[in-house]
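Quick note on labels: first sequence line is chain A, next is B, and so on, each numbered from 1. Below, all heavy atoms of this structure are taken into account, side chains as well, without hydrogens, waters or symmetry copies.
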2 protein chains.
Amino acid sequence: MSPLSSGLLGDLDPTSDRAVFRQIADQLREAIDRGRFREGEKLPSEAELVDHYGVSRMTVRNSFSILQGEGLVHAEHGKGVFVRPRPPVRRLASDRFARRHRDQGKSAFIVEADAAGSHPQVDSLEVQEEKASQDISARLGSVRRVLARRRRYLLDGRPVEFATSYLPLDIARGTQIAEPNPGPGGIYARLEELGHRLDHFEEEIRARMPSPDEVRTLRLAAGVPVIHLIRTAFDAEKRPVEVCDTVMAADAYVLAYQLPAT
Amino acid sequence: MSPLSSGLLGDLDPTSDRAVFRQIADQLREAIDRGRFREGEKLPSEAELVDHYGVSRMTVRNSFSILQGEGLVHAEHGKGVFVRPRPPVRRLASDRFARRHRDQGKSAFIVEADAAGSHPQVDSLEVQEEKASQDISARLGSVRRVLARRRRYLLDGRPVEFATSYLPLDIARGTQIAEPNPGPGGIYARLEELGHRLDHFEEEIRARMPSPDEVRTLRLAAGVPVIHLIRTAFDAEKRPVEVCDTVMAADAYVLAYQLPAT
DNA sequence: CTCGCCCACTCGTCTAGATACCTAAAGGAG
DNA sequence: CTCCTTTAGGTATCTAGACGAGTGGGCGAG
């Protein structure tokens, strides 16, 4: 028996002001919210909905495109439209850069993912000197050129984060920070060895829809925003010593912060 | 002269694998990025693009819908499609709940907005006792019922944030916290007066596409995600005394945090 | 039994209209 | 001069159909 004859979806209200494709989207959304369609489950095909509602195919596709924009479903060519499963989220705690997390050989990302039972991976590592953008230059205190360290992070094969660290050349040039592998404890450990004892970090968080580039790099589904995090590290002399620009798939992250009530 | 004859947009590449509507979207996006169309400016109409590219109207509309999903443009019925202006952002600093910001008569939101030269407004204030959701109950330490304070914040008439505070009844019932106007310094000031000296806050941040409800409440344009912030306030005895659930228009906010490097 | 082909089903793209409704400006009635 | 109507030019919605292309199962040849 077709799923549509079993009363999962209702009828249209021809007297309603609401556009037909919105009504269909509403019904599908509600069915998903109520769990009538579970995560990963296939929705009725376009043809089935065309029959059920007696509308044209473009109207049905219009409904699907609404739900895609909301990040509720995703279409797979040749297979169908599916309820988008919620991926496991990675929780970034505000103490993630504490020194006590820095004494191991592996990076925080690897350690944490291993602990969570996922398979971590770091990708497209790229280290080079380049001209600082206006924004980066301002954040680092008017430097012209910087060392840029780019890398992509994946969990179980899925890209979740793309990050670029920028450091002033007078600090990083010729050190292990300029090597692809910065060594145990990462670049923050190296910075401290170089005499830049870290004092505090400042983080700026924005959320927005991804650019086409970011969609490609993070293999983002339709309707998934990105979290854009810009972190500046300051040493004990209050000098900015690193800016890290990170773009994260928003469906893969929860950021957690602890604030004093001082 | 039509904007289209002046070379703002190129031609299609019929040999490309890329779908025609994506090529058109690419060209429009690039023109916007390069500043050929400025913020708030009107893009060529559907009819003009139909003529220019020699495609059908649905194809052009498809291109526009891509750009809308990216939050780059918005359509106004009967007027045209416009480059979406970036609204002024409100910066939330991590010390925004510090005691020194609590000694004035007005709420932090009002004071800060006034300082920024915008017209702040608080709206749809609602205070009631209700059953705690599972999540809220867990965060407050297994309470059954809570006092809920809902309100919407607007800047220059635009809704930017919708927040609900939940407090355990044994703390809030019968106090000024249960009144629509909690008095100078807000509910945190009242909590401290009631002997719950605040110790620290925990914040969880997610970003996602809005639900249709949130689109309505925050009057969100297509392609604008929301930032979902859940803050828990702890008193000196490490007891959770308030949970605040906030949904913000992502294009109106930057969150800023300062972290110790300890 | 296995491999490869075919076919049914599915979504992706595009066309060519029709009707509805919104907006703003022009023009006419009063 | 003011107010209403008209009209031109916009987007919103919907239809009906065509072709393309990915997926996976069935079936026949070997």
Side-chain angles (χ1 to χ4, degrees), chain A residues 2-4 11-28 37 40-69 72-84 212 215 221-223, chain B residues 1-4 11-28 37 40-69 72-84 215 221-223:
Chain A
S2 133
L4 296 185
D11 294 317
L12 298 177
D13 174 6
T15 70
S16 167
D17 281 351
R18 197 154 175 81
V20 171
F21 73 92
R22 288 186 208 284
Q23 293 188 47
I24 297 177
D26 289 344
Q27 294 194 10
L28 291 169
F37 299 108
E41 199 173 337
K42 185 177 168 304
L43 295 181
S45 74
E46 295 176 355
E48 283 174 316
L49 291 172
V50 162
D51 287 347
H52 178 77
Y53 289 114
V55 297
S56 85
R57 192 173 154 229
M58 284 307 296
T59 302
V60 169
R61 282 183 60 76
N62 225 332
S63 311
F64 278 151
S65 91
I66 289 189
L67 300 179
Q68 278 196 45
L72 269 183
V73 307
H74 68 112
E76 292 182 34
H77 193 168
K79 298 212 271 189
V81 178
F82 300 83
V83 179
R84 206 157 66 76
V215 169
Chain B
M1 180 181 291
S2 133
L4 295 186
D11 295 317
L12 297 177
D13 174 5
T15 70
S16 167
D17 283 351
R18 196 151 174 85
V20 171
F21 73 92
R22 288 186 206 284
Q23 292 187 46
I24 296 177
D26 289 346
Q27 295 194 8
L28 291 169
F37 298 108
E41 198 173 338
K42 185 178 169 302
L43 295 182
S45 75
E46 296 177 352
E48 283 174 315
L49 291 171
V50 163
D51 287 346
H52 179 77
Y53 289 114
V55 298
S56 84
R57 194 169 153 242
M58 283 305 298
T59 302
V60 168
R61 282 184 60 76
N62 226 331
S63 310
F64 278 152
S65 92
I66 288 188
L67 299 179
Q68 276 196 48
L72 270 182
V73 307
H74 69 111
E76 292 181 34
H77 193 166
K79 297 213 276 187
V81 177
F82 301 82
V83 179
R84 204 157 66 75
V215 168

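In this structure, the CD1 atom of B/Ile24 is 12 Å from the C1' atom of C/dT13, given to the nearest Å. Taking atom CE on A/Met58 and atom P on D/dA16, their separation rounds to 13 Å, with Å as the unit. One can place CD of B/Gln68 at 11 Å from C1' of D/dA12, the figure rounded to the nearest angstrom. A straight line from NE2 of B/His74 to C1' of D/dT11 spans 13 Å, rounded to a whole angstrom. Note: OH (A/Tyr53) to C1' (D/dC14) measures 16 Å, nearest angstrom. Atom-to-atom, CG of A/Asn62 to P of C/dG12 comes out at 13 Å; the value is rounded to the nearest Å. Distance, A/Asp51 CG to C/dT10 C1': 14 Å, rounded to whole Å. Rounded to an integer number of Å, the gap from B/Asp17 CG to D/dG22 C1' is 15 Å.
A/Val73 is not listed as a side-chain neighbour of A/Phe37, based on a closest heavy-atom distance of 4.5 Å or more. Two residues are said to be in side-chain contact when any heavy atoms from C-beta on lie closer than 4.5 Å; A/Leu28 and A/Leu72 fail this criterion.
Residue B/Arg57 places no side-chain N or O under 4.0 Å from the OP1 or OP2 atom of C/dG17. The shortest distance between the side-chain N/O atoms of A/Arg61 and the OP1/OP2 oxygens of C/dC11 is not below 4.0 Å. Contact between the side-chain N/O atoms of A/Ser56 and the OP1/OP2 oxygens of D/dG17 is not found at any separation under 4.0 Å.
Side-chain atoms of B/Gln23 come within 3.5 Å of backbone N or O of B/Arg18 as a donor-acceptor pair. Listed for the A/Thr59 side chain is no donor-acceptor partner under 3.5 Å among the backbone atoms of A/Phe21.
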Can you check nucleotides 5-10 of chain D for protein contacts, nitrogen or oxygen pairs under 3.5 Å, and list what you find?
unit_1	atom_1	unit_2	atom_2	d
D/dG9	N2	B/Gly78	O	3.4

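Here B/Phe64 contributes atom CZ and B/Leu43 contributes atom CG; the two are 5.5 Å apart, rounded to the nearest 0.5 Å.
Across all strands, A/Phe64 comes closer than 4.0 Å to no nucleic acid atom at all (heavy-atom distances). In this structure, A/Arg22 reaches the sugar-phosphate backbone alone: every heavy-atom distance under 4.0 Å involves primed, P, OP1 or OP2 atoms, never a base.
Residues meeting the side-chain hydrogen bond (donor to acceptor under 3.5 Å, both in side chains) test with B/Arg22, sequence neighbours left out: none.
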Side chain to side chain contact (heavy atoms under 4.5 Å, CB included) between B/Leu12 and B/Val55, worked out: CA-CA 10 Å; B/Leu12 297 177; B/Val55 298; 4.1 Å; yes
